[in-house]
Amino acid sequence: MNTAEMFSLTQKMEKSWDNEFQELVKALPKEDGWIGSHLYFYQGFWCPALVLKSFISFQKNFQAFASDVILATFPKCGTTWLKALAYITLYRSHFARDENPLLSSSPHQLVRFLEYDLYLNNPFPDLQNACAYEPRLFATHVPYASLPTSITDSNSKIVYICRNPLDMFISLWLFSTKLRENNLRPLSPDEAFDKFYHGIYAFGPFFEHVLGYWKASRENPNKILFLKYEDLMEDTNSHLKKLSMFLGVPFTEDEEKQGVVPEIVKMCSFENLKELEVNKKGLHASGIPNADFFRKGEVGDWSNHLTPSMVERLEKLIQEKLNNSGLTFKLSSKTSRIFHPSE
Ligand SMILES: Nc1ncnc2c1ncn2[C@@H]1O[C@H](COP(=O)(O)OS(=O)(=O)O)[C@@H](OP(=O)(O)O)[C@H]1O
């Protein structure tokens with residue numbers, strides 16, 4: 001086949017995929033999104049219209065390498081933080097300590113999202129050049145059950161982070177309020193709560209997402225490292241060491257003596273990243289200002305926003321959803337209050 005024939009075949013295939021996609025979208029349950037465009041219910045989760053097509057391309061076309069590392073997260077649960085920590089830890093041998101890439105690039109530029117970035121306008125992106133070093137490191141918000149089988153069936157590693165749903169809800173609500181399209185009336189706290197309660201938000205429902213990765217990590221702890229924002233906040237040093245071991249790049253005795261661990265922790269801290277020029281300006285590939293990924297970075301901020309009845313309803317929901325799963329969440333750092341579903 002010559003180049004012109006190849007080009008024409010590719011165009012035909014793209015057109016047929018476009019038509020197929022339009023037919024699929026027509027048949028999907030649809031809800032208003034929190035920021036502007038719609039959410040479509042597909043494969044058991046609410047997928048933002050912006051990334052539905054790119055998610056499907058990622059799911060169909062991504063070929064994992066056994067050495068790949070995938071950072072999988074629920075939105076607003078610590079993605080930006082995990083990207084910074086994993087990137088610096090995994091690749092630290094490639095750059096001098098005073099030439100840290102976080103000084104010149106946002107964590108989202110360094111570790112690129114598959115559905116929100118690489119596959120956004122391209123069903124076959126150049127993945128090799130998307131990562132500066134080996135092994136490849138990518139990020140996704142896609143639920144475990146919808147990951148490409150080449151990820152779940154290969155030896156590639158997954159690091160997952162989640163967060164207590166009360167803080168996650170507040171983070172999502174304030175983030176969406178900031179970015180909500182000007183022509184739409186603001187989403188009231190009650191409306192947002194109602195949508196949240198019913199699992200209608202990007203990649204929701206939260207509990208199905210979290211439990212999917214939780215169960216998979218318990219079945220295969222060497223493949224999936226399951227982290228929680230609150231634990232990381234409480235003791236970042238020891239979790240960073242755990243992460244480094246999981247990634248196969250443990251800190252050496254020399255590195256420990258030289259204070260490399262607390263140095264990385266400080267570099268990736270909320271206070272440090274938020275103040276870096278690179279994170280105060282510029283836009284992410286999805287159009288979101290880099291600065292909007294940094295708000296307060298605390299555990300327990302929900303107590304400044306939620307009414308007692310909202311808290312009561314969410315606590316009951318957690319109890320119902322996490323019952324017998326073995327998964328618990330800390331709701332506050334001040335009182336060390338831990339929510340056990342059996343309480
Ligand atoms: N370095 C660091 N350390 C601790 N916390 C951090 C850090 N960077 C971002 N954040 C806080 O994480 C919340 C954003 O979550 P995500 O990064 O998962 O957002 S996103 O899914 O990528 O949109 C959001 O939480 P809230 O402050 O509660 O809204 C961010 O402020």
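For ligands, and for the atoms within them, numbers begin at 1 and follow the listed sequence. What's counted below: heavy atoms across the whole structure, side chains too, no hydrogens, waters or symmetry copies.
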Mind checking whether [X] and [Y] have parallel, tilted or perpendicular rings, split at 30° and 60°?
{"X": "W46", "Y": "F41", "answer": "tilted"}
{"X": "H209", "Y": "F74", "answer": "perpendicular"}
{"X": "Y91", "Y": "Y87", "answer": "perpendicular"}
{"X": "F55", "Y": "Y42", "answer": "perpendicular"}

Does ligand 1 have a heavy atom under 4.0 Å from the side chain of [X], from its backbone, from both, or from neither?
{"X": "C77", "value": "backbone"}
{"X": "E271", "value": "neither"}
{"X": "H108", "value": "side chain"}
{"X": "C268", "value": "backbone"}
{"X": "Y229", "value": "side chain"}
{"X": "K274", "value": "neither"}
{"X": "T79", "value": "both"}

Can you list the ligand 1 atoms lying under 4.0 Å from a non-hydrogen atom of [X]?
{"X": "H141", "answer": "21 (O)"}
{"X": "P75", "answer": "21 (O)"}
{"X": "F294", "answer": "8 (N), 9 (C), 31 (O)"}
{"X": "S269", "answer": "1 (N)"}

For F45 and E208, run side-chain contact (heavy atoms from CB on, under 4.5 Å): C-alpha distance rounded to whole Å, both residues' side-chain angles, the deciding distance at 0.1 Å, then the answer.
-> CA-CA 9 Å; F45 72 98; E208 279 70 359; over 6 Å; no
Output yes when a side-chain donor or acceptor of D167 lies under 3.5 Å from a complementary backbone atom of V299, and no otherwise.
->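 Pair absent, no side-chain N/O of D167 close to backbone of V299.
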For this output row, return yes or no: ring centroids of F62 and F138 closer than 6.0 angstrom.
->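 Yes, they do, as the ring centres are separated by less than 6.0 Å.
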Does the gap between the ring centers of F270 and W81 come in under 6.0 Å?
->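 No - the distance between ring centres of F270 and W81 does not fall below the 6.0 Å cut-off.
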Specify the protein heavy atom at minimum distance from [atom]: its residue, its atom name, and the distance to 0.1 Å.
{"atom": "atom 17 (O) of ligand 1", "answer": "T80 OG1, 2.5 Å"}
{"atom": "atom 6 (C) of ligand 1", "answer": "F270 CD1, 3.7 Å"}
{"atom": "atom 15 (O) of ligand 1", "answer": "K76 CA, 3.2 Å"}
{"atom": "atom 24 (C) of ligand 1", "answer": "S171 OG, 3.6 Å"}
{"atom": "atom 30 (C) of ligand 1", "answer": "F293 O, 3.3 Å"}

Is the charged tip of R218 near the ring of F226: under 6.0 Å from the six-membered ring centre and within 45° of its axis?
->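 Ring-cation test returns no.
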Can the positive tip of K274 be found less than 6.0 Å from the middle of the six-membered ring of F294, inside 45° of the ring normal?
->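 Checked: cation-pi criterion not met.
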Which residues share a ring pair (Phe, Tyr, Trp, His ring centres under 6.0 Å) with W34, sequence neighbours left out |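 Partners of W34 under the ring pair (Phe, Tyr, Trp, His ring centres under 6.0 Å) test: none.
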Does Y119 have any ring pair (Phe, Tyr, Trp, His ring centres under 6.0 Å) partners at least two apart in sequence or in another chain, and if so, which?
->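 Applying ring pair (Phe, Tyr, Trp, His ring centres under 6.0 Å) to Y119 gives F58.
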Are any of the N/O atoms in F113 less than 3.5 Å from those in ligand 1?
->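 N/O-N/O distance under 3.5 Å: no.
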Looking only at N/O atoms, are L273 and ligand 1 under 3.5 Å apart anywhere?
->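 Between L273 and ligand 1, no N or O pair is found under 3.5 Å apart.
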Hey, is K83 one of the residues with a heavy atom under 4.0 angstrom from ligand 1?
->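 Per 4.0 Å heavy-atom rule, K83 does not contact ligand 1.
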Shortest heavy-atom approach to atom 25 (O) of ligand 1 - which of K296, R295, R163, E298 |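 The residue whose heavy atom sits nearest atom 25 (O) of ligand 1 is R163.
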